[in-house]
Participant: 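My questions all concern the structure below.
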Amino acid sequence: MTVPTHSNALNIAVTQDAMASFSKASDPRLAHVMSLLVKHLHAFVNESQLSKAEWLKGLEFLTAAAKITDDERNEFSLFSDIMGISSMVDVVSQPPGGTPSSVLGPFHNHDSHLQPNGSDLTHGQPGERVWLHGRVLDVHQNAIPNAQIDFWQNADNGLYPAQDAAQDPQNLRCKINCDANGGFSLLTIRPHPYTVPTDGPVGALLAASNRGIWRPAHFHIIVSAPGYVGLVTELFPAGSDYLDNDTVFGVRPGLIVDVKNCDNSEVAVQYGLTAPFKEVEFDFSLVKQA
Ligand SMILES: [Fe+2]
């Protein structure tokens, strides 16, 4: 099929003038990024032969996104997620060689409390117990001392504390300082798939596009260590629904983890579990800062 275009002198001039209009920006990176953005947006308008009605509809979408956005809820961030932009930024900004990164998502809380390594985060709540442990290593498999993990996930009802007033705001989240061998360990529950918010314009777009609204079950983890590039990532239990059609495109092959049976009696006693219980073991690999 031949794509209709109006690649005449007039629209080429409009694109060139709009790109050049950013050339005097005091920050050269701003000049470069905005010029490229104009170039590709103009190409999109040209290739799609966007009508005035469609352009207006786009503006109405952005206006509705602004109206529903507040301190707790960012529809633009969700729009970025479901367009795959957030994942693309993850992919292009992560240096090669280490554990793959994945999306941060909307429920990270900078104020998670520091808990002792080996903590039990379950505190009697419902959910299948999972012993999550592993090490933080460099790309040569050497232990990184003084690493820290920042962990969060949803509860057995599929909700994060920010969505569920019945939960303690610190529920199923913590920071842990790893040991001298990079080791970390905690007891949590099996996370559950959940839907992205559907009550705003992004939800309407997903419905109109006959797209899924679900994310597969996942643990969120940020791994940091002095001298290494920080890692924002997720671990996806194998066998979860929606691994093949995550609506925010966050699943990477290297981040799918087996939930195994474990009969370690020492760990069973430590957490008051009956063996066999569930275990996820994962070693993170960080890239040294340039
Ligand atoms: Fe999440």
Side-chain angles (χ1 to χ4, degrees), residues 69 71-91 94 99-113 121-122 125-128 130 132 134 149-176 186-200 202-203 206 211-224 230-257 259 278 280 282 284:
T69 294
D71 288 345
E72 304 279 318
R73 160 83 179 272
N74 190 326
E75 195 76 355
F76 295 99
S77 173
L78 179 60
F79 183 42
S80 167
D81 291 348
I82 66 105
M83 292 295 284
I85 302 297
S86 308
S87 272
M88 276 300 290
V89 173
D90 284 332
V91 168
Q94 186 69 20
T99 298
S101 62
S102 186
V103 296
L104 176 69
F107 298 115
H108 177 244
N109 184 340
H110 289 282
D111 301 327
S112 285
H113 295 168
L121 307 182
T122 63
Q125 68 193 286
E128 184 178 21
V130 176
L132 174 64
I149 66 164
D150 184 344
F151 171 88
W152 70 107
Q153 67 162 94
N154 63 2
D156 204 45
N157 61 3
L159 300 175
Y160 288 85
Q163 303 169 292
D164 181 4
Q167 287 183 51
D168 183 303
Q170 291 287 328
N171 192 36
L172 296 173
R173 61 172 70 244
C174 69
K175 290 175 181 164
I176 282 179
L186 58 87
L187 185 71
T188 187
I189 64 168
R190 185 189 283 270
H192 293 280
Y194 63 88
T195 69
V196 297
T198 56
D199 56 341
V202 170
L206 290 171
R211 275 187 52 177
I213 57 174
W214 287 86
R215 296 215 62 210
H218 53 269
F219 301 108
H220 288 278
I221 299 178
I222 296 175
V223 188
S224 56
L231 172 69
V232 178
T233 194
E234 302 174 286
L235 297 179
F236 300 89
S240 169
D241 289 337
Y242 312 108
L243 280 175
D244 292 333
N245 55 350
D246 180 4
T247 199
V248 305
F249 312 101
V251 180
R252 317 271 178 261
L255 298 177
I256 298 173
V257 292
V259 182
K278 298 299 183 189
V280 169
F282 191 87
F284 296 95

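All ligand and atom numbering here is 1-based and tracks the order in the structure.
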Participant: Check step by step if side-chain hydrogen bond (donor to acceptor under 3.5 Å, both in side chains) holds for His108 and Tyr160.
Facilitator: CA-CA 10 Å; His108 177 244; Tyr160 288 85; over 6 Å; no
Participant: Can you say whether the rings of Phe107 and Tyr194 are parallel (under 30°), tilted (30 to 60°) or perpendicular (over 60°)?
Facilitator: perpendicular
Participant: Applying salt bridge (Lys or Arg N to Asp or Glu O under 4.0 Å), can you list everything that pairs with Asp90, at least two apart in sequence or on another chain?
Facilitator: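 By the salt bridge (Lys or Arg N to Asp or Glu O under 4.0 Å) rule, Asp90 matches no residue at all.
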Participant: Verify whether one side chain among Arg252 and Ser87 offers a donor that lies under 3.5 Å from an acceptor in the other.
Facilitator: yes
Participant: State whether the side chain of Gln170 and the backbone N or O of His113 hold a donor-acceptor pair below 3.5 Å, judged by distance alone.
Facilitator: yes
Participant: Are there any protein N/O/S atoms under 2.8 Å from the Fe ion (ligand 1), and if so, which?
Facilitator: Tyr160 OH, Tyr194 OH, His218 NE2, His220 NE2
Participant: Does this structure show an ion pair linking Arg73 with Asp199, if we count only N-O contacts that are shorter than 4.0 Å?
Facilitator: yes
